[in-house]
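Worksheet for the structure shown next.
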Amino acid sequence: MNKLLILFVFSISLGAIAEENVIYQYKKYEKFDLGDLEVKGQLVAPGDLSVRERDRRRFELDLYNRADFDPMIKHDIKTLR
Amino acid sequence: MLFALLFSLTLGAEEIEWKSYPEPEKLAEMGFIYTALDTHVRMLSKKKDIETPDLELLEDLVLKTNVEALEDYDQKVLARFPVASVQFLLGRKAWEEKKFNVARQWLLNVPKWHRYYPEARFVMADMAADAGKMGDREAFEEQCYQSAEKRAGEVNSKLLKRYYTVLGEDCRVLRARKLYKEGRYQDAIDAYNQISKRAYKWPYILLEKAWAHYNLKDYNRSLGLLVTYKSPLMESYFFPESEVLTALGYFRLCLYDDSLVVIDEYYNNYKAKSDALEAMLKSHQNSQTHFYNLMKLSSEESKKLNPFIAQLAAQIRQRPRFALDYSSLEKVQAEMKNFENLVHGLSTRAPARKWLEESLKQIKAVEENLKGRINYHAKKDMFDFIREVYVLSEEMFKIKLEIIARKKDLVYGQKKLISDRGRGSEVEVKRSRFEAFWKFHGAFWADELGDFSFGLASNCQTVRKEVTNE
């Protein structure tokens, strides 16, 4: 039994060594013929010119608002005498 | 007072036994109250121990002349006199110099029975509000209102009655203004509503109430209040800020064209007015008398002026300060004339002559001071008005720019506002259960001044603009 197990482990490690020795080769040169390319699909053209609507970011001016009437109070005190 | 003056004319200077200095009591008896006050202050300033009768006489004289007569004296000297009128004057001075702790200490000394008590409480209410002490502010303002109202009912002088009435109104308005500042707009409106339509302050508070409604987004009510200024009864009042608020009201309802009309009218209307006023101010800006002379023109003489300047002068003349200053000036001038006669009638060797000549100089200084005050305040009010017109022109320009930007957005977005012009409708009028709706078809509208509301629908909803095929 033990002998069988050793043989099994030995055969796996041999397989791993064999995988490491694989050499990949790539094409060194490839030519594309653009004129010969074909695209499968349906050709659709828009009927009119359009742009996609989106909300424009805009900044509102800081318009006048009265925070208080403190200057008027001082004025009232001063105009009493 | 008149009796005392007549009495003084019948009494020859030689008949009085003058010492090296006159006795203030005697001068006061003769009707020379300003001279008596000056004499008394000069004597007290040299005295080490000031006694109660001295202080009582001082108080009596200050109440007769008004505290302005003491304005030229050294404050360190005045601080030695524990008299409520003097302490009130010192408190006011400290308030003007923004020394609020010092002001508070002086003003707290003015007792409840005193003539200046309501005004002292008014200044203290303002200081308490600035310090964030709301409890104190409410207490002072209530004390001011109650005491001013009580005194207005007690005094016989028309001038004083008006002074106390305006003061009481000021204290009521103070409350509303502080509520506004706290952002409690509805409470502020309720406080404003407590002020009678007959009040001197009423035309001024319409604008403030309109701001409160604006901030509650009730633009229709705001616009309605502001249209009150178009009434013929209000033609002598100028509130450039009301035009800005009107333009803003229309703007918020997206009634851009209406807003632009208001802006254009503002420029057309106030440009001519401010040009006329500016030309006058430039040619007399260093004058010490021009504005004083302008203030004392009779109504006939005022007709020769530019109508706008005449109306502005009339508005300034209605203020209590002018009335008090002018009344004091008349008293000083009458006394000065009689006193001059008295001094010139004295022998050159009379022991009191030197002292009396000094007093004459002082009374002339008081007269100059009062004229200068009237001149200065009128000039300042007019300069302030011009400045306000310019500042608000900028604000109007900003609204115009914003309208242009929004109109441009609509064009780019191929949108338009829901209607070209929002139409008025009763449905749009917000009202409380105490307010009624009245159509005013052919009705007279004087009684309802200040109760109007527009009924404009908001025009802010946008719809897609249809493309027209040509």
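Numbered from 1 within each chain, the chains take letters A, B, ... in sequence-line order. Any value given below was found using the heavy atoms of this structure, including those in side chains, with hydrogens, waters and symmetry copies removed.
Taking every heavy atom of both residues into account, B/M127 and B/A103 meet most closely at SD-CB, 3.9 Å. Closest heavy-atom contact between B/Y180 and A/A67: CE2-O, 3.6 Å.
Remark: B/Y390 OH is packed, more than 12 non-hydrogen atoms of other residues, nucleotides or ligands lying under 6.0 Å away. A/K74 NZ: more than 12 foreign heavy atoms inside a 6.0 Å radius. By the 6.0 Å contact criterion, CD on B/E97 is enclosed, its count of non-hydrogen atoms from other residues, nucleotides or ligands being greater than 12. A 6.0 Å sphere centred on CZ of B/F383 holds more than 12 heavy atoms belonging to other residues, nucleotides or ligands.
Residue B/E394 does not touch chain A at all, counting heavy-atom pairs closer than 4.5 Å. Interface residue B/I399: backbone and side-chain heavy atoms are both found under 4.5 Å from chain A. Of the two parts of B/V123, the backbone and the side chain both hold a non-hydrogen atom closer than 4.5 Å to a non-hydrogen atom of chain A. For chain A, no part of B/Y164 is nearby; none of its heavy atoms comes within less than 4.5 Å. Using a 4.5 Å cut-off between heavy atoms, B/D384 does not touch chain A at all. For A/D70, the part lying under 4.5 angstrom from a heavy atom of chain B is the side chain only. Using a 4.5 Å cut-off between heavy atoms, B/E402 contacts chain A through both its backbone and its side chain.
Among the candidates B/E208, B/M396, B/K201, B/E96, the residue making the largest number of heavy-atom pairs closer than 4.5 Å to chain A is B/E208. Highest contact tally toward chain A, considering only B/I316, B/N215, B/N66, B/L401, is held by B/N215 [criterion: heavy-atom pairs under 4.5 Å]. Interface summary for chain A: among B/R92, B/R406, B/E182, the most heavy-atom pairs under 4.5 angstrom belong to B/R92.
A ring-centre distance under 6.0 Å is found for B/Y237 and B/Y204.
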